[in-house]
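Everything numeric in this text was worked out from a predicted model, so none of it was measured. Here, residue 1 is the first one in the sequence, and each next residue gets the next number. One-based numbering, in listed order, for ligands and for the atoms of each.
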Amino acid sequence: MIVNLSKKILALISLLLVIGFSQTAFSQTINIIPYPNAIKVMPEEFVITRATRIIYNQQDKDLAVAITPLILKLQKAAGIKLKTTNTLRSHDILIRLTDNITQPEGYHLEISPDNIKIEAGTPAGVFYAVQSLLQLLPTEIESPTLAKNLQWKVPAVVIDDAPAFAYRGLMLDVARHFMPYSFLEKMVDLMAMQKMNTLHLHLTDSQGWRFESKKYPKLTTIGAYRKGSAFNTTYDYASRPNDTLYGGFYTQDQLRKLVAYAQSKFITIIPEIEMPAHSEAALAAYPQFACLDSTGKAFPYPSQIQNEFCTKDSTFIFLTDILTEVMDVFPSKYIHIAGDEASKVNWRKCPICLQRMKDEHLNSVDELQSYFIKRIETFVNQKGRRIIGWDEILEGGLAPNATVMSWRGEQGGVDAAKLGHQVIMTPGEYCYFDHYQSLDSSEPPAFEGLTTLATVYGYHPVPDGLTPEQAKLIIGTQGNLWTESVPTPQHAEYMYFPRAIALAEVAWTINKQPYNQFLSRLLSYINRLDYYHVNYSRHMFDIQMTTSVDSVTKLVQARVAGVPNGYYVYYTTDGSHPTVNSLKYTGPIIITKDAEVNAGVIYKGILVDEVNKTFTINKATGRTSTLVTPPSKSYNKGGEHAWNNGILGNDNRFNDGEWLGWSGQDFDGTIDLGTSQYMDTVTTRFFNKPSDWVYMPQWVSISVSDNGTDFKEVARQADLQTNTDGSHNLKIGLGHISARYVRIVAKCDGIIPKGLPGEGNQAWLFVDEVEVE
Ligand code: ACM
């Protein structure tokens, strides 16, 4: 399956020389994603009508499957039932397999005013030609209902195409949050449109076991239902009331159905079963497979997510039993056995693991992990399958036939390729779709990193420094969605799209196009996603809203930046999404009262990019402010006056640039109102997120002064702790008092007490925004 890149590039170059790269010769836009590797566009067109017939070998069932999307979509959206025929006439569609096309997923698509001709070496190639053809049709071809009064025109083209990489994947973590079965089929549909061919399901983790085992039913009766959140999981099965359970699992029948459904779209489902770590759900169900002390009690888990199975023989029987069931359900060549992030802490003290190291002459726990993975690999290979593991499986020695999924950057992949192993590139910087995709304040909570659409599109999966032979071992790339912060399918769609579309092109297109050209195709493509109600993110251009306070008027101004030429921005001030009927942005927006400003680019009626900021305008806004202790360098992006600049930090995340953070230190700030004036309340905002060591202050004190030197405390509040994550407003009444200077001190929680997340470390204190009214 490895694509011979150099041969293919040569073939393409000669093809380009013959036919010319003449897309620009006509005004016609070819909006295919991923972009084909060689395309010639002519001024004519072909129109599919009720008279159009289709010719293909009807005995070939796989071929029939490959053309099904064309048949069904024409029927549904266009009301055209293509008739089959055996003799080619003018105005027919001819589809045939040929030995002349040797790339396993390659195809030739030729459209003239007379005929549409599809040729490929395999049904998969035909399927991809059909996807290209569908994208050449009006976007209404994706409509689930009859689209009236349309001509089903396609431009005359000659396309010769084949993917850069054999493996073009997405990973979905269904362990941290369980996703309904219907969403898995939807993902298959959406991936197929972009010629992706692998859906990797992360089926087990510490936060949930999602694969039905007939032999070990407690894996789902216990391990599929947790108490607590994805960040704070327990399996206290006996004591938990039913209404606190969270979870779910897929039956083997459902997963078989998914495999068959995916096969019909030329997509392979690869299952992942986590070992040796990330196994708390399994160990909650079957604690006998944990490391036990000499009294038979489980060692306390060093970390909730990274505890591992014991290396005792019974564990291997258990895991190979599970893998047998897994391989029975999933026919994929590859079985993912993880291998990531094992703390190995318990292995260092477990008598059985220490004995195992002695018996097997292993010098380190890394070598013990290598022993573990090799033993599993031997079993999987005996069943005729291959293992994939995360790049940690390199540590202590790589299993002989393993494929490495490189996630901690590309180095693991480079090392594996140099050792002659196949590699799938999924480096976090480019391929982790659990990262933020913009810095806009409206982004829902995500992992820390920032992976924009442009970053994904800029990825090159083959790193420099490999020989051509080693480069061939990079079989592809994959976008990973970990779902700790992603509880629903709608949220998952938001994280995947449009980044997955960019990655599909990275994985397919050899001659990558300029980013703006990709964006212009993407803006057309999203019309198709709308028919599937895909909740794609509206950050196509990554526009930004910058703010400043006018030094004289003290008024806050908002500007929109990063908008490409030729696109228009509209905005609202009431928190609603802008439409073309909203105010048109022509220059800085002056904020004179409380407002939630949403500014967005609208393209052909669709909001394709949006930025949001919430403003509060009060006596303190934009006034001179001073801090006794500057915020931490990691959390000072908004500047030292961000706490009274009129812009509210995000309610759900403290890393949006607006919140200021102090580690182990108090907040002590003073605002000069300019003149003595009456005030009734001071509102302060703090962030609470114990899982990230961010805690509410112990107390808050407000003092006032008329000369800036002699302050008098006028209010103090304590007992501020809360169980709810996010921002908390604290409105403190002062009575009706007059002063020029207001000083706010918030006492940091200090060293985190025992039993709380981050115990023994300094607590963080996050502040934004102080309002005086
Ligand atoms: C991983 O992100 N732990 C593979």
- of all protein heavy atoms, closest to atom 3 (N) of ligand 1 is Asp340 OD2, 2.7 Å

- Task: Hey, can you tell me if Phe766 and Tyr635 have their rings parallel, tilted or perpendicular (30° and 60° cut-offs)?
- Result: perpendicular

- Task: Compute the shortest N/O to N/O distance between Glu341 and ligand 1 and return yes if it is under 3.5 Å, no if not.
- Result: yes

- Ligand-residue contact atoms, ligand 1 with Tyr432, heavy atoms, under 4.0 Å: 1 (C), 2 (O), 4 (C)

- Item | Contact (N/O only, under 3.5 Å) between His278 and ligand 1 | no

- Message: Tell me whether Lys689 is salt-bridged to Asp692, with the criterion being a basic N under 4.0 Å from an acidic carboxylate O.
- Response: yes

- Item | Residues Glu395, Lys344: salt bridge by 4.0 Å N-O rule | yes

- Task: Ignoring angles and geometry beyond distance, decide whether Trp390 reaches within less than 3.5 Å of ligand 1 through its nitrogen or oxygen atoms.
- Result: no

- Query: What part of Met405, side chain, backbone, both or neither, has a heavy atom within less than 4.0 angstrom of ligand 1?
  - Reply: neither

- Query: Between Lys195 and Glu105, is the closest basic N to carboxylate O distance under 4.0 Å?
  - Reply: no

- Are any of the side-chain nitrogens in Glu377 or Arg375 under 4.0 Å away from the carboxylate oxygens of its partner? no

